[in-house]
Each structure stands twice: as C-alpha cells, then as structure tokens.
Amino acid sequence: MISENLKKLPPYLFDELDRKAEEKRREGIDIIDFGVGDPDIPTPEHIVKACCEAARKKENHRYPSYEGKLEFRQAVAERFKEDFGVDVDPEREIISLIGSKEGIHNVHFAFLNRGDYVLYPDPGYPVYKTAPIFAGGIPYKVPLLEDNGFLPDLEKIPKEVVKKAKIMWINYPNNPTTTVAEVEFYKEVVDFARENGIIVCSDEAYSHIVYDHKYRTILQVEGAKDVCIVFNSLSKTYNMTGWRIGYAIGGEELIKAFRKVKTNVDSGVSNIIQDAAIVALRSSQECVKKNVEIYRERRDVLVEGLKKLGFKCEKPRGTFYLWLKVEGSSIEFANRLLDVGVLVTPGIGFGEHGEGYVRFALTQSVERIKEALERMEEIF
Ligand SMILES: *Cc1c(COP(=O)(O)O)cnc(C)c1O
C-alpha cells in the first residue's frame, strides 16, 4: 500500500524517549522541555495587532498571489538591504513561502531529475534528506565534524558524487551545531557550486539569532544569486513559528522555476499573515535584539552550569540551541536526563554524525534552566 519513496524515509528514532516523556507527564511529573526548537516567547504585540487589523480587510479574504504581495516582497528586500547590505529585486528575485520548511521541500521538484544527487549536511535539519527522496533524487550526506568547525569539507566529497550533484544544502547559523559562517566560507561554497554546476540552497532561518556576530547571508558573495537560493522565514526572528510565513531569494531564473512548482502545489501565504509580516519587517527591530538578549542570558546560565557539572562546552555563537558533547550513546544520555525530568534531543536524530551529542533548545526561562541544572546535579 505504502509508496516506495515513503518506505525509503529514515525511521523515527525517538519512539521510546517520547513514550517515556509522555508517561511521566501523565503521572504528573514535571518535565523541563529543551526538546523542540520552537520559541517560548510570544510574537511581539505590534505584529499581532497588525494581523487583527488585516483580518478586517475584505481584500485580504480572497486567494493570495503565488509569489506573495509585492509589498511583502519589497519589505523583505528593504530588510535585506539594511541588515546585509545586499540588493535584491522584489519583483523577480523573491517568492513567499508558507514557512521555509515548505520551500525547503518543494524546491527539489524544480531542479532534480531522477537519480540526481543532493548534498546535505549531517547532522542537519531532517527535510534536506527526505525531500530529495520524494522528488526522485538521491540524498548524499556531507559530515559536519567538530574538527572542521562543523563546516562541510568540500574537498572530501567524491568527484563522482559532485558530478552527479544538482543541489547542495548549507545552513548557518547551524541547527543543531550552532556554528556561524563567515563570508570566506560562503565564497568557497559559491565557487564550488559554479565550478560544478550545483545550485546552493542556503537555509538561513537563524540569520538574526547571533551573538556578537554580524548578520550574514551567502548573497553577500558577489554574483551568488545566479547559483544560490536563500531560504529564510519570520519564524525564528520574530517568534512566529505558528504563523507560517517565509521567503526564498535567488536569481530570476531560479525563482521562476520554483514559482512554477508552487503554482501547482499551493495557493500562497494568507494575505492577512503577509500584512502582519510587512509590519514585522518594516518596524523597529528592537524586538529582535531583545529576543537575542533573552537567549544570550539563558545560554550563559546553561553553559556555566554545565561546566560546573564537568561538561566541556563553549558558548554558541548563533541559534537558540546548545550542542553538547556527551559520553556514549546520545539516546541513552537523553534517557538518563529524562529520569530527572529534563528533556533534550539526542544528536543521532539529526544524522549519524550527530551521535555523541545532545541538543538543548534555549526555549525555557532562566529559572527553569537553573532548576534543570539542579536536577542534573543529582546524576552527574
Ligand atoms: C526552524 C527552522 C526552519 C524554519 O522553519 P519554518 O518552516 O520557516 O518555520 C528552517 N530550517 C531550520 C534549520 C530550522 O531549524
């Protein structure tokens, strides 16, 4: 009954951990959840207000356009200019997405032929690996190793694979390893893509969640647009994961092909949500800075606490995660933490090279983080 493609998808690994967490919750045991990458802080009030007002406008009640309102795309272009110093053409080089996950999946259908390879980072966001399978392609993992600063080693990808590769995924600031990228790295990637006829898909969902690091995009590399598509979203920057709005930016040819796929798949992002997003992008960005300061304080408390418990860890430079190296199996480690009511994500869930790590999402208050550290003291 089930399709061959669906059968090829990797198994879900956390059945047992989930069951155990659910059981504990049912027993009324308090769980401190560092598992999901979903901000606990609400969407800023001025954005919520704009949404309520937009809902009253009759013209917003009809189907949106496939590529998004021009005003939304203009607001994205303005933000890109201000934050990254990059010029993009709102009419030809931007398309709205129903959250970036949607685009990360659908983009493969625009460019992959049967048997084409897709290079994806391991550990990494699971969609980079599953989407190519749906589109008839072959995902090929590129390890992100600590020794190489969690950057892909482009030299090490076998030549035969590079020849057959059509798309390469990169993601900085990186989920789950928290690494940030410098422009030099992006330059190397763009050169590699151009030499080998590969389209770089750069997932920049955490572009604005950085600590003492400048805002970076691969589009800061001269001419990158011809071979790159950037995926970004309002989800993490403005605590809008539940709103489902993102965008892709790239050269005209790339975006045109992508748009053609989407006209056959969905009917765009709600006009109401787009109006709220326009306000988010065009208003003062103080709320973004405040957000980052909240994560910074949580990060510092967690890192200091873990060090006191004897763990080795550095302060992450980007994202709202902590990628902690642990002894032994990551699932077993997570299980031990769950015994004291602390839930983290085992690294193996992000791929084979995530083994030996667990991920903490900094989506709990400082008080809860302190409490989690106290509980961990009982077992370490
Ligand atoms: C959260 C996240 C996204 C964004 O997802 P949306 O669909 O825009 O909410 C994309 N990539 C990574 C790596 C993420 O962690």
Side-chain angles (χ1 to χ4, degrees), residues 34-43 47 68 72 76 79 94-108 118-132 139 141-142 144 150-152 167-181 200-210 216-218 229-249 258 262 265-266 268-270 273-274 276-277 280-281 288 291-292 295 316-323 344-345 347 349-351 353-354 359-363:
F34 295 101
V36 281
D38 190 354
D40 58 312
I41 310 161
T43 307
I47 303 172
F72 168 68
V76 170
R79 184 101 329 270
I94 303 178
I95 185 168
S96 60
L97 300 173
I98 311 169
S100 54
K101 184 178 183 181
E102 174 263 295
I104 292 169
H105 177 85
N106 281 322
V107 71
H108 296 87
V118 175
L119 309 175
Y120 72 95
D122 179 315
Y125 191 58
V127 188
Y128 313 139
K129 177 182 179 177
T130 57
K141 76 179 62 142
V142 179
L144 301 186
F150 297 114
L151 297 171
I167 288 176
M168 175 177 190
W169 280 99
I170 54 170
N171 163 228
Y172 295 96
N174 182 259
N175 174 15
T177 71
T178 77
T179 305
V180 295
V200 179
C201 290
S202 181
D203 177 355
E204 301 179 1
Y206 296 93
S207 57
H208 289 69
I209 317 285
V210 286
R216 289 282 175 239
T217 170
I218 196 165
I229 305 177
V230 162
F231 294 78
N232 210 327
S233 121
L234 282 81
S235 285
K236 311 293 162 63
T237 312
Y238 304 101
N239 304 327
M240 288 173 70
T241 49
W243 297 59
R244 311 315 301 140
I245 182 160
Y247 51 88
I249 305 183
F258 193 8
K262 281 176 56 60
V265 176
D266 64 69
V269 177
S270 158
I273 304 298
Q274 289 192 56
L281 293 163
V288 180
N291 230 9
V292 170
Y295 292 135
R317 295 181 63 201
T319 74
F320 49 63
Y321 303 108
L322 179 81
W323 187 235
V344 297
T345 309
F350 301 98
H353 298 283
R359 191 191 74 176
F360 286 75
L362 301 170
T363 49

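In each ligand, atom 1 is the first atom listed, and ligand 1 is the first ligand listed.
- Although no hydrogens or angles enter the test, the distance criterion places a donor-acceptor pair under 3.5 Å between the side chain of D203 and the main chain of A205.
- Side chain of N171 to backbone of N175: a donor-acceptor contact under 3.5 angstrom is found.
- When heavy-atom distances to ligand 1 are checked against a 4.0 Å cut-off, N171 comes that close only through its side chain, counted from C-beta outward.
- Of the possible polar contacts, none joining the D122 side chain to the K141 backbone as a donor-acceptor pair under 3.5 Å is found.
- In terms of protein heavy-atom proximity, atom 9 (O) of ligand 1 is closest to S235 OG, 2.6 Å.
- For ligand 1, the atoms sitting less than 4.0 Å from at least one non-hydrogen atom of Y128 are 13 (C), numbered in the order shown with element in parentheses.
- Residue K101 approaches ligand 1 through these ligand atoms, each under 4.0 Å from one of its heavy atoms: 6 (P), 7 (O).
- In this structure, the ring of Y321 has its center less than 6.0 angstrom from the ring center of Y206.
- Under 4.0 Å from ligand 1, not a single heavy atom of F320 appears.
- Contact of the P123 side chain with the L144 side chain is registered, since non-hydrogen atoms from C-beta on lie closer than 4.5 Å.
- Below 4.0 Å from some heavy atom of G99 lie the following atoms of ligand 1, by number and element: 7 (O), 8 (O).
- Heavy atoms only, all atoms of each residue included: P39 and S235 are closest at CG-O, 4.3 Å.
- Every atom of ligand 1 is numbered from 1 in the order shown, and the set under 4.0 Å from a heavy atom of A205 is 3 (C), 10 (C), 11 (N).
- Nearest residue to atom 7 (O) of ligand 1 from E102, K236, R244 is R244 (criterion: closest heavy atom).
- Protein heavy atom nearest atom 11 (N) of ligand 1, with residue, atom name and distance: D203 OD2, 2.6 Å.
- In this structure, F34 has its ring center under 6.0 Å from that of F360.
- At least one N or O atom of Y206 sits closer than 3.5 Å to an N or O atom of ligand 1.
- The parts of S100 lying near ligand 1 are both backbone and side chain, judged by heavy-atom distances below 4.0 Å.
- S233 places no side-chain N or O within donor-acceptor distance of the main-chain N or O of G246, the cut-off being under 3.5 Å.
- Of the polar atoms of T241, none of the N or O atoms is found under 3.5 Å from an N or O of ligand 1, judged by distance alone.
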